[in-house]
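Notes to accompany the following structure.
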Protein chains: 2
Amino acid sequence: MSSSYHHGDLKAALLAYAREQMEHAGFDGLSMREMAKAVGVSHTAAYRHFADKQALLDVVATDSFSELLELTRQGAASAPAEPRSRLHASGMAYVRFGLGAPRRLAHMFSAMDAPQASASLRAAGFGLFAFLEGLVGAGQVAGVFRAGDTHQLSRACWAMVHGLATLPSLARLAHSGTELETGLRSAEEALAVFLDGLARM
Amino acid sequence: MSSSYHHGDLKAALLAYAREQMEHAGFDGLSMREMAKAVGVSHTAAYRHFADKQALLDVVATDSFSELLELTRQGAASAPAEPRSRLHASGMAYVRFGLGAPRRLAHMFSAMDAPQASASLRAAGFGLFAFLEGLVGAGQVAGVFRAGDTHQLSRACWAMVHGLATLPSLARLAHSGTELETGLRSAEEALAVFLDGLARM
DNA sequence: CTGGAATGTTAACGACGTCAACATGAGGAA
DNA sequence: TTCCTCATGTTGACGTCGTTAACATTCCAG
């Protein structure tokens with residue numbers, strides 16, 4: 001029967017495995033050879049679909065940016081149609097993503113600030129920022145956010161949210177119990193502080 | 001003469017080289033073998049001073065936490081003796097460190113959230129947080145910061161600052177010119193927003 | 001002065017990323 | 001159908017890496 005000399009959908013299988021294992025892998029943990037074996041194919045098979053390891057991981061990062069954009073969009077959409085609530089909701093969606101997939105989030109950014117980052121990866125990251133900038137700008141137009149350079153304020157906002165999503169390594173350090181719940185409660189409070197500052201004075 | 005069978009201060013030389021090269025190294029770039037060669041010693045010599053590569057990098061991270069604590073301390077000390085100014089100054093010192101050594105900062109946190117992180121590494125990270133928490137608490141006692149769980153507020157504060165220090169990968173993405181200057185200006189504004197929110201209402 | 005203890009070297013092993021050469025199969029052209 | 005071609009997968013090899021074991025050299029305490 002030789003059910004499979006050709007795997008059928010090797011590319012997708014590799015991406016799925018990489019995305020899933022990225023959290024469990026100790027450091028870089030996942031090697032080309034191990035991924036190939038896990039998917040039931042011989043090492044170097046992946047090279048028919050990806051130029052090298054970096055290219056594969058870049059695609060994971062790109063897809064993850066799209067996923068995160070979608071999550072923040074849904075967050076905003078499911079909130080009251082009012083700037084502060086929308087920004088809050090999409091920020092919390094971002095934080096939830098980060099708490100659920102911390103290593104993947106870290107990888108997304110470490111992949112993006114590499115000089116060889118692909119155009120599509122950069123575009124995906126920029127798309128996420130653009131969405132956020134739209135939310136901030138809308139609040140300014142509505143007169144409920146402070147005036148000022150929208151780009152700068154949006155960067156500040158991203159930094160706040162990204163810090164909250166990224167930092168909970170420290171929650172573990174600070175002897176907290178339930179990691180996820182603690183992280184979310186902290187994020188709620190921090191965002192409130194920031195948004196109070198963002199409000200027009 | 002055999003000027004050097006024994007290097008003299010191999011441990012320090014390795015740490016210095018690793019700290020210095022961490023920024024230039026592409027990915028993990030720096031290998032045990034390459035570091036040994038650069039320092040003028042044969043591979044495996046490092047194993048007389050460090051259990052393994054992770055141990056060496058953990059020491060770099062630990063030292064960097066101490067360095068960062070010292071910088072934030074100096075920042076606070078050189079500011080007007082008033083809570084907001086002190087918090088602002090030490091936050092900016094943190095951001096400056098992050099803009100100057102982005103990969104090292106990233107490494108510090110990736111090292112710390114590893115399960116095998118050494119006790120001294122965790123202690124160094126916690127010391128930095130404790131210092132920040134002291135600044136926030138002082139502001140609350142003085143009545144100029146909003147009331148609330150000091151621990152939570154401090155986490156929020158750290159997240160803000162850490163995001164600002166970490167994110168400028170995006171500045172590059174957002175077609176900014178001078179990376180460092182832009183990052184610092186953004187950080188100034190973002191911190192102002194956050195601190196306005198932190199102020200007692 | 002001398003014999004460990006500290007430090008450094010050489011040689012080797014297995015795992016890794018990647019390339020080149022080869023094998024297999026799917027699908028269109030005759 | 002038959003055959004050809006190209007996409008896909010495999011095997012084998014090379015150089016590099018982290019790490020260990022066995023050996024060499026130097027320092028220092030007795």
Side-chain angles (χ1 to χ4, degrees), chain A residues 1-22 24-61 103 107 110-111 114-118 121, chain B residues 1-22 24-61 103 107 110-111 114-118 121:
Chain A
M1 191 48 49
S2 82
S3 63
S4 60
Y5 187 98
H6 288 90
H7 176 283
D9 202 0
L10 180 55
K11 185 168 183 173
L14 286 169
L15 288 173
Y17 182 79
R19 171 161 53 214
E20 176 190 332
Q21 285 303 104
M22 185 161 283
H24 312 317
F27 205 23
D28 274 27
L30 64 175
S31 64
M32 283 279 126
R33 294 171 111 108
E34 181 235 339
M35 291 172 53
K37 181 172 296 183
V39 167
V41 99
S42 264
H43 56 275
T44 77
Y47 289 86
R48 297 298 148 187
H49 302 275
F50 302 97
D52 55 12
K53 186 183 183 181
Q54 187 63 36
L56 193 161
L57 294 179
D58 277 12
V59 174
V60 172
R103 294 204 217 268
H107 166 64
S110 96
Q116 325 89 351
S118 70
L121 173 55
Chain B
M1 191 48 45
S2 82
S3 64
S4 60
Y5 186 99
H6 288 89
H7 177 283
D9 202 359
L10 180 54
K11 186 168 182 173
L14 286 169
L15 288 173
Y17 182 79
R19 172 162 54 215
E20 176 190 330
Q21 284 304 105
M22 185 160 282
H24 312 317
F27 205 21
D28 274 26
L30 65 175
S31 63
M32 282 281 126
R33 295 171 110 107
E34 181 235 340
M35 290 172 53
K37 180 171 297 184
V39 167
V41 99
S42 262
H43 56 275
T44 77
Y47 289 86
R48 297 298 148 187
H49 301 275
F50 303 97
D52 54 12
K53 185 181 184 181
Q54 188 63 36
L56 192 160
L57 294 179
D58 276 13
V59 174
V60 172
R103 294 204 218 267
H107 166 64
S110 97
Q116 325 89 352
S118 71
L121 173 55

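Below, chain A is the first sequence line, B the second, and so on; all start at residue 1.
Taking both residues in full, the closest heavy atoms of B/Asp58 and B/Ala111 are given as OD1-CB, 3.9 Å, listed atom of the first, atom of the second, then distance. Residues B/Val60 and B/Ala18 come closest through the heavy atom pair CG2-CB, 4.0 Å. Heavy atoms only, all atoms of each residue included: B/His107 and B/Leu57 are closest at NE2-O, 2.9 Å.
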Checklist outcome for this item: In 5'-to-3' order, the base (B), backbone-only (S) or no-contact (-) status of each nucleotide in nucleotides 11-21 of chain D, using a 4.0 angstrom heavy-atom cut-off, is BBB---BBBB-
Validation: residues 42-52 of chain A side-chain donor-acceptor distances under 3.5 Å, sequence neighbours left out:
residue	atom	partner	partner atom	Å
A/Asp52	OD1	A/Gln54	N	3.4
A/Asp52	OD1	A/Ala55	N	3.0

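The CZ atom of A/Arg19 sits 11.0 Å away from atom CG of A/Leu56, with the distance rounded to the nearest 0.5 Å.
With rounding to whole Å, B/Leu10 atom CG is found 15 Å from D/dT25 atom C1'. Straight-line distance from the CG atom of B/Asp9 to the C1' atom of C/dA6: 14 Å, rounded to whole Å. Protein atom NZ of B/Lys37 is 16 Å distant from nucleotide atom C1' of C/dG8, rounded to whole Å.
Applying the side chain to side chain contact (heavy atoms under 4.5 Å, CB included) criterion to A/Val39, with sequence neighbours excluded, gives A/His7, A/Leu10, A/Ala13, A/Leu14, A/Tyr17.
Phosphate contact (OP1/OP2 of D/dG9, side-chain N/O of A/His49, threshold under 4.0 Å): present.
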